[in-house]
Amino acid sequence: MIRTLLRLLAAGLLLAVLALGGAAWRLHMALEQPLQLSAERLIEVVPGDTPSGVLNRLQAESVLDGAFWLRLYWRFNLPGQALHSGEYRLTPQLSARDLLGLWQRGEVVQYSLTLVEGWNFRQVRAALARQTALTHLLAELDDQALMARLGLPGVNPEGHFFPDTYRYVRGMSDLDLLKAALARLQLVLDEEWAQRADNLPYATPYDALIMASMVEKETGVPEERGQIAGVFVRRLGIGMRLQTDPTVIYGLGERYTGNLTRAHLLSPSPYNTYLIDGMPPTPIALVGREAIRAALHPVAGNSLYFVARGDGSHVFSDSLDAHNRAVREFQLKRRSDYRSSPKLDKDNP
């Protein structure tokens with residue numbers, strides 16, 4: 001009787017060992033199997049998806065086998081590990097273990113959108129519309145309704161977003177990106193305003209933002225930004241009109257086709273600084289930190305005029321006579337390769 005019990009016990013232990021060994025082998029095979037892919041593909045994990053659900057889906061699509069064993073591995077080896085939503089890039093070289101590693105690390109596919117210094121808000125909206133991986137919540141809203149969604153009802157959107165490269169994952173929205181750009185602009189503006197020079201003609205940081213936008217549009221040469229700001233600040237100080245072409249162009253909107261005429265300069269507009277006193281009512285473009293800093297630290301001097309040389313830089317003059325001479329030299333006898341902005345680097349167009 002005892003011998004029989006011992007034999008049964010031994011047989012049971014042997015079966016248990018074999019079962020455990022078989023399970024370990026099955027788990028090993030499930031983890032090390034290569035994904036059945038002939039080309040790269042993306043899989044999307046949406047909020048609410050679970051590892052079990054996605055593994056079952058991939059097995060149904062014949063991308064992998066042994067979803068049961070992979071679910072057990074996740075449950076017992078990664079308890080409480082969240083499955084980050086987003087897209088995951090699968091390649092033929094990946095194993096099922098590699099896939100679980102991607103999920104564990106949350107290595108979702110990232111996209112990027114670059115908002116460029118000097119862009120206006122129409123260009124920002126057009127760039128957002130081209131992002132196919134974004135969820136579009138704002139496309140049907142006008143600018144006023146859009147700003148209300150951002151918590152700024154009645155605020156003009158121009159200039160309120162910081163030019164930078166913003167990364168996002170599928171499932172994020174255009175609203176999310178604009179919130180990030182809005183917060184970034186406010187942070188930078190607050191930081192620079194706190195370190196501003198004395199005796200500036202700005203009542204608020206928003207005034208400085210308007211000035212910075214004109215500086216941004218007038219020159220892309222870094223060392224000239226402070227000089228441009230200095231000219232504008234001195235003009236404001238003596239009651240002289242700013243007379244800057246970019247504000248006129250902005251006021252023309254889509255009517256501007258690339259050729260600024262005398263008729264345009266005589267056309268009334270809140271943005272026509274040839275006709276209005278002081279600064280325009282809003283910024284005219286996105287501005288970077290350097291333009292904001294220049295507006296808050298204008299270079300001292302006597303110059304009241306500047307004219308483009310044609311290579312992207314400017315000639316600064318203290319008197320109208322000197323300015324007119326520069327105009328005759330650089331504007332009336334334009335070089336064949338004349339341009340008012342700097343030439344772009346060939347590797348960074």
List the atom pairs, donor and acceptor, that lie under 3.5 Å between side-chain atoms in residues 282-289 and the rest of the protein, sequence neighbours left out.
residue: Thr282; atom: OG1; partner: Tyr271; partner atom: OH; Å: 2.6
residue: Arg289; atom: NH1; partner: Glu191; partner atom: OE1; Å: 3.2
residue: Arg289; atom: NH1; partner: Glu192; partner atom: OE2; Å: 2.7
residue: Arg289; atom: NH2; partner: Glu191; partner atom: OE1; Å: 2.9

Could you tell me which residues satisfy ring-ring contact (aromatic ring centres under 6.0 Å, His included) with [X], sequence neighbours excluded, listed by chain and number?
X	value
Tyr73	none
Tyr166	none
Phe162	none
Tyr202	none

What residues form a side chain to side chain contact (heavy atoms under 4.5 Å, CB included) with [X], not counting sequence neighbours?
X	answer
Pro201	Val233, Leu236
Gln36	Pro34
Val109	Leu42, Glu87, Arg89, Tyr111

| Closest heavy-atom contact between Pro298 and Leu200? |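 Taking Pro298 first and Leu200 second, the nearest heavy atoms are CD-CD2, 3.6 Å.
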| query | What are the two closest non-hydrogen atoms of Gly251 and Ser269, and how far apart are they? | reply |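 What the structure gives for the nearest pair is CA-OG, 3.9 Å.
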| task | Kindly assign one of parallel, tilted or perpendicular to the pair Phe306 and Phe316, based on the angle between their ring planes and the thresholds 30° and 60°. | result |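 Rings of Phe306 and Phe316: tilted, 30 to 60°.
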| query | What side-chain hydrogen bond (donor to acceptor under 3.5 Å, both in side chains) pairs are there with at least one residue in residues 173-184, not counting sequence neighbours? | reply |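 Those involving residues 173-184 are Ser173-Asp176.
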| request: Quick one: which residue pairs count as a side-chain hydrogen bond (donor to acceptor under 3.5 Å, both in side chains) with a foot in residues 221-239, not counting sequence neighbours? | output: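 Output for this query lists Thr219-Glu224, Glu224-His314, Arg234-Ser303.
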| said: Rounded to the nearest 0.5 Å, what separates atom CG in Leu265 from atom CG in Asp245? | reply: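 One gets 6.0 Å once the value is rounded to the nearest 0.5 Å.
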Could you tabulate the donor-acceptor pairs under 3.5 Å formed by side-chain atoms of residues 43-56, not counting sequence neighbours?
residue: Asp49; atom: OD2; partner: Val46; partner atom: N; Å: 3.0
residue: Thr50; atom: OG1; partner: Gly53; partner atom: N; Å: 3.1
residue: Asn56; atom: OD1; partner: Arg71; partner atom: NH1; Å: 2.7
residue: Asn56; atom: ND2; partner: Ser52; partner atom: O; Å: 3.2

| Only one of Asp65, Leu58, Leu31 clears side chain to side chain contact (heavy atoms under 4.5 Å, CB included) with Leu70; which? |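 For Leu70, the side chain to side chain contact (heavy atoms under 4.5 Å, CB included) test succeeds with only one of Asp65, Leu58, Leu31, which is Leu31.
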| Between Leu242 and Tyr274, is there a shared hydrophobic cluster once you connect ILVMFWY residues whose side-chain heavy atoms come closer than 4.5 Å? |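 They do not share one cluster, since no chain of ILVMFWY contacts under 4.5 Å joins Leu242 to Tyr274.
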| Is there a donor-acceptor contact under 3.5 Å linking the side chains of Thr261 and His264? |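 Yes, His264 and Thr261 have a side-chain donor paired with an acceptor closer than 3.5 Å.
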Under 3.5 Å donor-acceptor pairs involving side-chain atoms of residues 123-130, not counting sequence neighbours:
residue: Gln123; atom: OE1; partner: Asn120; partner atom: N; Å: 2.8
residue: Arg125; atom: NH1; partner: Leu141; partner atom: O; Å: 3.0
residue: Arg125; atom: NH1; partner: Asp143; partner atom: OD1; Å: 2.8
residue: Arg125; atom: NH2; partner: Leu138; partner atom: O; Å: 2.8
residue: Arg125; atom: NH2; partner: Leu141; partner atom: O; Å: 2.8

